[in-house]
Amino acid sequence: MGNRADDEGTDVEIYIRPLTDTVHADTPTGAPEELLTLLDQLGFERNTLRPAGSSGPTYVWHEAPARLTEAEKRKLATSAVPSLLVAGYLVNITDAVWDAAAYQEAALAARRQRSAAAAPDTSTASAVHARGSAATPRRR
């Protein structure tokens, strides 16, 4: 049993599982707990499978909750991308899941959050303005 993140060499592969409406977020075999926890926090549900009688790896993947509508699943998946990018992960999301409006909204929220976290104490520091480039996900 493999997964797309292993196959593609990415940290997260977000796609719709063929012949279903399930939105998957695959991570590489042995992905760090920090990445798995971040996907949990972003609203995905973690699944694990340990093959019976096998000394091989335990498979871990995430899915958008089944109770969500297709549009809500796309929004959840796309909205997760800016947070994953800010955390330094390489993300691929397929066009079938991509929601441009949700990405723009989430990217703006991530920028605001980073700005607030990086804001100096203005009572003792001078203001510094730095320009950064926005990261964008790989899409197919």
Side-chain angles (χ1 to χ4, degrees):
M1 178 176 185
N3 69 49
R4 289 187 181 194
D6 284 337
D7 296 343
E8 299 298 327
T10 58
D11 295 310
V12 183
E13 285 285 321
I14 302 173
Y15 63 97
I16 296 177
R17 187 167 176 201
L19 305 176
T20 72
D21 66 349
T22 304
V23 174
H24 268 246
D26 286 353
T27 53
T29 303
E33 182 59 34
E34 295 81 14
L35 172 55
L36 303 176
T37 299
L38 179 56
L39 287 166
D40 296 339
Q41 293 169 348
L42 292 170
F44 287 94
E45 294 178 342
R46 189 185 307 200
N47 296 276
T48 58
L49 174 65
R50 177 168 300 203
S54 171
S55 61
T58 297
Y59 297 100
V60 179
W61 72 95
H62 284 77
E63 296 177 0
R67 69 182 177 279
L68 299 178
T69 67
E70 287 184 39
E72 291 168 332
K73 289 176 187 178
R74 284 192 307 274
K75 183 174 182 176
L76 178 134
T78 304
S79 295
V81 172
S83 295
L84 291 163
L85 293 172
V86 167
Y89 296 109
L90 178 59
V91 177
N92 182 46
I93 183 168
T94 63
D95 287 337
V97 183
W98 183 253
D99 179 333
Y103 178 80
Q104 292 299 325
E105 184 179 314
L108 183 59
R111 276 190 219 113
R112 279 193 211 121
Q113 186 175 21
R114 282 178 57 185
S115 294
D121 179 358
T122 57
S123 64
T124 60
S126 60
V128 176
H129 176 69
R131 280 199 152 153
S133 62
T136 55
R138 236 175 50 177
R139 290 190 348 186
R140 293 191 184 143

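Side chains are part of it too, since the values below use all heavy atoms of this structure and drop only hydrogens, waters and symmetry mates.
- Residues Pro65 and Lys73 approach most closely at O-CE, 3.5 Å, considering heavy atoms.
- In terms of modelled atom types and a separation under 3.5 Å, the side chain of Asn47 and the main chain of Glu45 share a donor-acceptor contact.
- Closest approach of Asp11 and Leu90 over heavy atoms only: OD2-N, 2.7 Å.
- When all heavy atoms of Glu72 and Leu68 are compared, the closest pair comes out as OE1-CA, 3.4 Å.
- In plain terms, the two heavy atoms of Ile14 and Ala25 that are nearest each other are CG1-CB, 4.2 Å.
- Nearest heavy-atom pair, Thr27 versus Val60, reported as atom, atom and distance to 0.1 Å: OG1-O, 4.0 Å.
- Cluster partners of Tyr15, using a side-chain heavy-atom cutoff of under 4.5 Å among ILVMFWY residues and allowing indirect links: none.
- Note that OH of Tyr59 is 8.5 Å distant from CG of Asp6, once rounded to the nearest 0.5 Å.
- Inter-residue side-chain proximity for Val23 and Leu76 is flagged as unmet; no heavy-atom pair is nearer than 4.5 Å.
- Contact between Pro82 and Ala110 at its shortest, heavy atoms only, is CB-CB, 4.2 Å.
- Residue Ile93 holds its CD1 atom at 12.0 Å from OG1 of Thr10, rounded to the nearest 0.5 Å.
- Side-chain heavy atoms closer than 4.5 Å link hydrophobic residues (I, L, V, M, F, W, Y) into clusters, and following such links, even through other members, never connects Val86 to Val81.
- Glu70 pairs by the salt bridge (charged side-chain N to carboxylate O under 4.0 Å, His left out) definition with nothing, not counting sequence neighbours.
- When the side-chain hydrogen bond (donor to acceptor under 3.5 Å, both in side chains) test is applied to Tyr89, no partner is found at least two apart in sequence or on another chain.
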Taking distance alone, no hydrogens or angles, what donor-acceptor pairs closer than 3.5 Å link side-chain atoms of residues 33-44 to residues at least two apart or in another chain?
| residue | atom | partner | partner atom | Å |
| --- | --- | --- | --- | --- |
| Glu33 | OE1 | Arg46 | NH1 | 3.4 |
| Glu33 | OE2 | Thr37 | OG1 | 3.0 |
| Glu33 | OE2 | Arg46 | NH1 | 3.3 |
| Glu33 | OE2 | Arg46 | NH2 | 3.0 |
| Thr37 | OG1 | Glu33 | O | 3.0 |
| Asp40 | OD1 | Arg46 | NE | 3.4 |
| Asp40 | OD1 | His62 | NE2 | 2.8 |
| Asp40 | OD2 | Arg46 | NE | 3.3 |
| Asp40 | OD2 | Arg46 | NH2 | 2.6 |

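- Residues satisfying the side-chain hydrogen bond (donor to acceptor under 3.5 Å, both in side chains) criterion with Gln104, sequence neighbours excluded, are absent altogether.
- To the nearest 0.5 angstrom, Arg17 atom CZ is 7.5 Å from Glu63 atom CD.
- Among residues at least two apart or in separate chains, there is no side chain to side chain donor-acceptor pair (under 3.5 Å) pair with a member in residues 74-86.
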